[in-house]
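Below is one structure, written out as structure tokens; comments come after it.
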Amino acid sequence: MITINEITIVRDGREIIYDYSEQIPAGSITAIVGPNGSGKSTLLAAIAGDIAPVKGTITIDDLHPILTSPAQLAQIRAVAIQNQSYTLGFSVQQIIEMAGLAQDVMQALELTSLADRQVTTLSGGEAQRIEIARALIRDTPIYLLDEPLSAQDVQSKARIIELLRELRDQGRTILVIAHIDKSSLSWCDQIIDTLAQ
């Protein structure tokens, strides 16, 4: 269970999230939706332990992410950021192996055909699938994914959604930022659309 209790987050002198509370059940897929600038990515970063609220608390079970060591955080949550860019000419296979090789995840995301390609030559959607694979390979109980569907075609979206549902059915907790209409999120167990209110 992820519990968000009356948090306020300020970035660059601007209040992004104010006095916000929410609960994210374990073993569920939760989508955060809302307009640009409503604080979706900020909330994800705070849950990940990368940003500290100026007020309130976030707990993952009994842990406070911001007070937890990076090594311990790495064991409980994996994060896939949006717009990952690669500057070094590693192959897709090498990047995946750095995270811990998992052939089934590569196959599920249709990355095996890209294994020998340099990551600097990938399209936005292909690079995004690499970032998702790097997170899912980590085998953590919680996955935090920033707009994992944004650069994907219809078939890739379907594969990602199916993989996330399988992980949810295994008891994983999945939090996704989704910049799509709520009517397209029937595969989620919970939709958070209250950040902008």
Side-chain angles (χ1 to χ4, degrees), residues 1-4 7 9 11 16-17 20 22-34 38-53 57-61 63-87 90 92 95-102 105-106 108-109 111 119 122 124-152 156-157 160-161 163-168 170-179 188-190 192 195:
M1 173 78 77
I2 300 170
T3 302
I4 301 159
I7 64 166
I9 298 176
R11 298 185 80 174
I16 306 294
I17 296 173
Y20 184 76
E22 189 61 73
Q23 287 198 330
I24 297 165
S28 67
I29 300 175
T30 297
I32 304 174
V33 301
S38 60
K40 300 184 300 293
S41 295
T42 297
L43 179 61
L44 198 79
I47 293 169
D50 297 331
I51 296 174
T57 59
I58 297 173
T59 55
I60 299 174
D61 294 330
L63 289 176
H64 292 262
I66 201 65
L67 302 175
T68 304
S69 72
Q72 192 172 7
L73 275 178
Q75 294 177 349
I76 62 171
R77 59 94 177 112
V79 183
I81 64 170
Q82 188 186 16
N83 300 325
Q84 173 67 278
S85 61
Y86 298 102
T87 55
F90 290 107
V92 168
I95 291 289
I96 297 293
E97 286 175 350
M98 288 177 200
L101 185 61
V105 172
M106 284 189 70
L109 295 174
L111 295 173
V119 291
L122 299 177
E126 289 167 341
Q128 187 178 45
R129 292 206 309 277
I130 300 295
E131 181 67 5
I132 295 166
R134 290 178 66 231
L136 300 185
I137 285 167
R138 295 270 304 284
D139 195 26
T140 57
I142 297 170
Y143 295 112
L144 307 173
L145 311 175
D146 194 349
E147 295 205 37
L149 306 178
S150 62
Q152 303 303 318
S156 293
K157 284 179 182 177
I160 292 167
I161 289 167
L163 184 54
L164 296 180
R165 291 172 74 173
E166 288 174 12
L167 290 165
R168 184 265 320 271
Q170 294 168 14
R172 312 299 174 90
T173 303
I174 300 162
L175 187 60
V176 298
I177 291 176
H179 206 66
C188 296
D189 302 298
Q190 173 177 267
I192 295 173
L195 277 173

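The model shown is predicted, which means the values in this text are computed figures rather than measured ones.
- Within the 3.5 Å criterion, the main-chain N or O of Ile4 finds no donor-acceptor partner in the side chain of Tyr20.
- In terms of modelled atom types and a separation under 3.5 Å, the side chain of Asp189 and the main chain of Ile29 share a donor-acceptor contact.
- Residues Gln190 and Ser28 have side chains not in contact (no heavy-atom distance under 4.5 Å, counting atoms from C-beta outward).
- Contact record, Ala31 with Cys188: CB-SG, 3.7 Å, taken as the closest heavy-atom pair.
- The only option from Leu43, Val79, Leu44 that meets the side-chain contact (heavy atoms from CB on, under 4.5 Å) definition with Leu175 turns out to be Leu44.
- How far CG of Leu109 is from CZ of Arg129: 7.0 Å, rounded to the nearest 0.5 Å.
- Distance CG/Asp61 to CD1/Ile142: 6.5 Å, rounded to 0.5 Å.
- In this structure, Asp146 CG and His179 NE2 are separated by 11.0 Å, a value rounded to the nearest 0.5 Å.
- For the residue pair Pro53 and Ile9, the shortest heavy atom distance occurs at CA-CG1, 3.9 Å.
- Screening Glu147, Lys157, Gln128 against Gln152 for a side chain to side chain donor-acceptor pair (under 3.5 Å) leaves a single residue, Gln128.
- A donor-acceptor pair under 3.5 Å links the side-chain atoms of Glu131 to the main chain of Ile81, judged by distance alone.
- Residues Ile66 and Ile58 have side chains not in contact (no heavy-atom distance under 4.5 Å, counting atoms from C-beta outward).
- To the nearest 0.5 angstrom, Ser150 atom OG is 11.5 Å from Leu145 atom CG.
- Taking the side chain to side chain contact (heavy atoms under 4.5 Å, CB included) definition, one finds that Asp139 meets it with Arg172, sequence neighbours left out.
- When side chains are defined from C-beta on, Ile24 counts as touching Ile47, because their heavy atoms get closer than 4.5 Å.
- Residues that satisfy the salt bridge (charged side-chain N to carboxylate O under 4.0 Å, His left out) test with Glu126, not counting sequence neighbours, are Arg117.
- Note that the OG1 atom of Thr173 and the CG atom of Leu144 stand 9.5 Å from one another [nearest 0.5 Å].
- Across all non-hydrogen atoms, the minimal contact from Ala78 to Arg138 is CB-CB, 3.9 Å.
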* Dump the intermediate steps for side chain to side chain contact (heavy atoms under 4.5 Å, CB included) on Val176 and Leu149, then the final yes or no. => CA-CA 9 Å; Val176 298; Leu149 306 178; over 6 Å; no

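- The main-chain N or O of Ala80 is never found under 3.5 Å from a side-chain atom of Arg134 such that the two would form a donor-acceptor pair.
- To the nearest 0.5 Å, atoms CD1 (Ile51) and CD1 (Ile17) are separated by 8.0 Å.
- The shortest heavy-atom contact between Val33 and Lys40 is C-CD, 3.6 Å.
- Between Leu122 and Val119, some side-chain heavy-atom pair lies under the 4.5 Å cut-off.
- Contact detail for Thr30 and Pro25: the closest heavy-atom pair is OG1-CD, 4.4 Å.
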